[in-house]
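Report on one structure; see the data block that follows.
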Amino acid sequence: MELSVEEKWKRSRAALSMLLGTSIKAISESYGKEGLEKVAKAWEENNKKAAKRLMEIVGRQERNLETAARIIDFTDSIYGVEGQWTEIGPKRAVKIEKSCPLAKQFPPETCTMCFSGSMQGIARGVLGHDKVICRMPKSLPGGDDCCEIILEAEPDS
């Protein structure tokens, strides 16, 4: 049976999200919050370094939360996540994600700690400073009706 490129991607995304969820669960069970914090920090550092290239990919040069939001939209589109920014300003941006094909494979910490760290890295790399945090007070894997992503930044001084 020959599968379309779209079907191959759908299946590989499902398989990889299952493996990622299993890995995060194993890290959590073996090393607790400290282990998850190390994963989140690694994802943050990775995306902080990748921010310049991601800015090029999305065609933006401005070092602001709007650019970080566009990069997050770009990465979400790869994963099949659907959501909308309800607020984007100079100091705060909020995105509500109602649909995620990966969520059912993940323990909540995958999003609330690891992906949150990943998006924090994007924002820090885009803004060029570390005075920005990302929080996810709600997550689909945690049983909420959405993932709520909140980026909060202080202006670079």
Side-chain angles (χ1 to χ4, degrees), residues 9-10 12-14 16-18 20-21 23-25 27-28 33-157:
W9 175 237
K10 182 180 171 185
S12 66
R13 182 171 52 201
L16 290 172
S17 65
M18 180 190 66
L20 178 59
S23 299
I24 295 297
K25 184 177 179 192
I27 291 166
S28 179
K33 188 175 180 180
E34 184 179 345
L36 294 173
E37 288 171 346
K38 290 195 179 296
V39 172
K41 189 66 176 169
W43 289 17
E44 177 185 329
E45 291 301 317
N46 180 77
N47 280 354
K48 189 175 175 182
K49 291 175 189 170
K52 183 178 179 186
R53 177 66 183 126
L54 289 165
M55 290 171 72
E56 292 170 4
I57 289 170
V58 300
R60 294 195 50 109
Q61 298 174 5
E62 302 82 11
R63 292 192 168 273
N64 57 30
L65 288 181
E66 170 75 23
T67 297
R70 293 304 142 239
I71 292 170
I72 291 168
D73 284 345
F74 169 74
T75 59
D76 281 353
S77 71
I78 292 170
Y79 300 129
V81 176
E82 295 177 13
Q84 184 171 352
W85 292 94
T86 59
E87 178 183 346
I88 301 177
K91 294 183 179 185
R92 181 176 155 97
V94 179
K95 185 173 188 179
I96 304 298
E97 299 176 336
K98 295 270 188 181
S99 174
C100 176
L102 312 178
K104 65 181 178 262
Q105 305 286 349
F106 293 158
E109 297 83 6
T110 309
C111 298
T112 60
M113 292 182 73
C114 300
F115 278 118
S116 180
S118 175
M119 290 180 280
Q120 183 167 287
I122 288 168
R124 288 179 172 187
V126 167
L127 295 176
H129 62 75
D130 289 346
K131 292 184 255 176
V132 59
I133 60 163
C134 180
R135 300 181 292 116
M136 285 185 70
K138 294 183 180 179
S139 74
L140 290 165
D144 296 308
D145 65 343
C146 67
C147 286
E148 180 182 30
I149 300 163
I150 302 172
L151 293 170
E152 293 175 308
E154 294 179 24
D156 190 22
S157 23

Reported [atom1]-to-[atom2] distance for the pair [X] and [Y], which is rounded to 0.5 angstrom:
X: Ile72; Y: Trp85; atom1: CD1; atom2: CH2; result: 4.0 Å
X: Glu154; Y: Ile133; atom1: CD; atom2: CD1; result: 9.0 Å
X: Leu65; Y: Leu127; atom1: CG; atom2: CG; result: 5.0 Å
X: Leu20; Y: Arg13; atom1: CG; atom2: CZ; result: 14.0 Å
X: Met113; Y: Leu36; atom1: CE; atom2: CG; result: 5.0 Å
X: Glu45; Y: Gln120; atom1: CD; atom2: CD; result: 10.0 Å

Closest heavy-atom pair and its distance - [X], [Y]:
X: Lys95; Y: Asp76; value: NZ-OD2, 2.7 Å
X: Ala123; Y: Ala68; value: CA-CB, 4.0 Å
X: Val58; Y: Arg70; value: CG1-O, 4.0 Å
X: Glu97; Y: Ile149; value: OE2-CD1, 3.4 Å
X: Pro108; Y: Ser139; value: CB-OG, 4.1 Å
X: Phe106; Y: Pro141; value: O-CB, 3.3 Å

- Item | Side-chain ion pair, Glu56 and Lys52, N-O less than 4.0 Å | no
- Item | Sidechain N-carboxylate O distance under 4.0 Å for Glu37, Lys41 | no
- Task: Step by step, work out the side chain to side chain contact (heavy atoms under 4.5 Å, CB included) result for Lys98 and Asp145.
- Result: CA-CA 7 Å; Lys98 295 270 188 181; Asp145 65 343; 3.9 Å; yes
- Query: Are any side-chain N or O atoms of Arg63 and backbone N or O atoms of Gly125, one a donor and one an acceptor, separated by less than 3.5 Å?
  - Reply: yes
- Query: Between Thr67 and Glu62, is there a donor-acceptor pair closer than 3.5 Å when you use the side chain of the first and the backbone of the second?
  - Reply: yes
Check whether any side-chain heavy atom of [X] sits under 4.5 Å from a side-chain heavy atom of [Y], and report yes or no.
X: Pro90; Y: Asn64; answer: no
X: Lys48; Y: Asp130; answer: yes
X: Cys111; Y: Leu140; answer: no

